[in-house]
Amino acid sequence: MAVRLCDVASLLRSGSWAAEPWTGQVIAAMETQLSNGPTCNNTSNGPSTISNNCSSPVESGSIEDSKTNLIVNYLPQNMTQEELKSLFGSIGEIESCKLVRDKITAALLGHGASPGTLTDLHLSLQVSYARPSSASIRDANLYVSGLPKTMTQKELEQLFSQYGRIITSRILVDQVTGVSRGVGFIRFDRRIEAEEAIKGLNCQKPPGATEPITVKFANNPSQKTSQALLSQLYQSPNRRYPGPLAQQAQRFRLDNLLNMAYGVKSRFSPMAIDGVTSLAGINIPGHAGTGWCIFVYNLAPDADESILWQMFGPFGAVTNVKVIRDFNTSKCKGFGFVTMTNYDEAAVAIASLNGYRLGDRVLQVSFKTNKTHKA
DNA sequence: TTGAATT
């Protein structure tokens, strides 16, 4: 029955259930079969399980099952179950096939934000053995921050491998520069291994490091997806019915905006800046690779994220807002950050909101710079 | 008066 699918599975790196990127015949088949399908620019991905001899991927646990049960990550958000089935069905008979979606947002679950269309799948599709689910392997995923920027994935694994068998590891990097963000993930085979790693490594300095790292259990990847998608729901009414600030902003001419944002001596123009945003290592205030980061100062102690969404949303695409709080009191430390996708919308927001009176406070709004309070 | 980071 499932002979050919087993053959495909055997092409996967054996000896480990760890997720390994694989681009082989399946991807070629997918391009052939799906290139006429709809395309989109959605970021993301999502895991699905494909099995040819096990009715439910979440039950059972034999080694045999594990070799015919696959998990597929980095699928495009608009992929249908039929397309997935068609894709793998061209290789062998499929017993069952399931797209796993977020209960609230219906977004495909899984890891990775990987822009792509159906024809770009070879850039991001990942096919791995699905490990049999059980209590002992659940919640074995760790989030690690404060890593030295020079630490490699291999070194990260070396550091954690003393506590158990590592299933996957990752270090997040800046999309533009490729430099480590000092944040990573380690998934252990078993939860008890992860617990031991927390005990042993949290607040410890890795060899040669000057700062201690933070090690804790990772959030579920779907949580952020839900957050981002839901926040867009809040944004859209404002964009359809712009408030007074947005209307005011639209009166500004584009050629004035840079002067307002950068000062009259700026030699940049919007076109020039758009032209260089793809280059690495260029020092443009506020530009972080994924958007334009805006610094908002003089927020009240009880300010929260929603006020930032409300203020900036009407000006355009806002991908992230953050109120910086004191760890102990949870009160706002007086400032926050907003990330906007498009330069011109960010510039209008800054021009309009800088000096804006919020309650009894006058806000200062600008592109974020690299100031630090030390030295 | 310029963080945290969640694939």
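Lettering of chains follows the sequences in order, A, B, ..., and the numbering in each one begins at 1.
Closest to the A:Leu172 side chain, of the nucleotides B:dT6, B:dT1, B:dA4, is B:dT6. Counting only heavy atoms from C-beta on, A:Ile324 has its side chain closest to B:dG3 among B:dG3, B:dT6, B:dT2. Listed candidates were B:dG3, B:dT7, B:dT2. Nearest to the side chain of A:Asn141 is B:dT7. Distances from the side chain of A:Asn219 to the nucleotides B:dT2, B:dT6, B:dT7 place B:dT6 closest. Proximity note for A:Ser366 (side chain, C-beta onward) versus B:dT2, B:dG3, B:dT7: the nearest is B:dT2. Each of B:dT1, B:dT6, B:dG3 was ranked by its minimum atom distance to the side chain of A:Ala218; first place goes to B:dT6. Closest to the side chain of A:Lys149, out of B:dA5, B:dT2, B:dT7, is B:dA5.
When rounded to the nearest whole Å, the span between CD1 of A:Ile171 and P of B:dT6 equals 16 Å. Taking atom CG of residue A:Leu156 and atom P of nucleotide B:dT7, one finds them 16 Å apart after rounding to whole Å. Between the CZ atom of A:Arg325 and the P atom of B:dA4 there is a distance of 12 Å, given to the nearest Å. Whole-Å rounding puts the A:Lys368 NZ to B:dA5 P distance at 14 Å. Counting to the nearest Å, the C1' atom of B:dT1 and the CD1 atom of A:Ile294 are 17 Å from each other. Rounded to whole angstrom, the span from the CZ atom of A:Arg170 across to the P atom of B:dT6 amounts to 14 Å. Note: CZ (A:Arg181) to P (B:dA4) measures 14 Å, nearest angstrom. Protein atom CG of A:Asp326 is 10 Å distant from nucleotide atom P of B:dA4, rounded to whole Å.
Under 4.0 Å is where a charged nitrogen must lie from a carboxylate oxygen, and between A:Glu193 and A:Arg190 at least one such pair does. Electrostatic pairing of A:Lys199 and A:Glu196 counts as a salt bridge here, judged by a charged N lying under 4.0 Å from a carboxylate O.
Residue ring and nucleobase are stacked for A:Phe185 and B:dT7, with a centre distance beneath 5.5 angstrom and an angle between planes beneath 30°. Ring-base stacking between A:Phe335 and B:dG3 is not satisfied when judged by a centre separation under 5.5 Å and a plane angle under 30°.
Between A:Phe217 and A:Tyr143, the ring centre distance reaches or exceeds 6.0 Å. Annotation: A:Phe188 is not in aromatic contact with A:Tyr163 [ring centroid separation under 6.0 Å not met]. Taking the six-membered ring where the residue is Trp, the centroids of A:Tyr343 and A:Phe367 are separated by under 6.0 Å.
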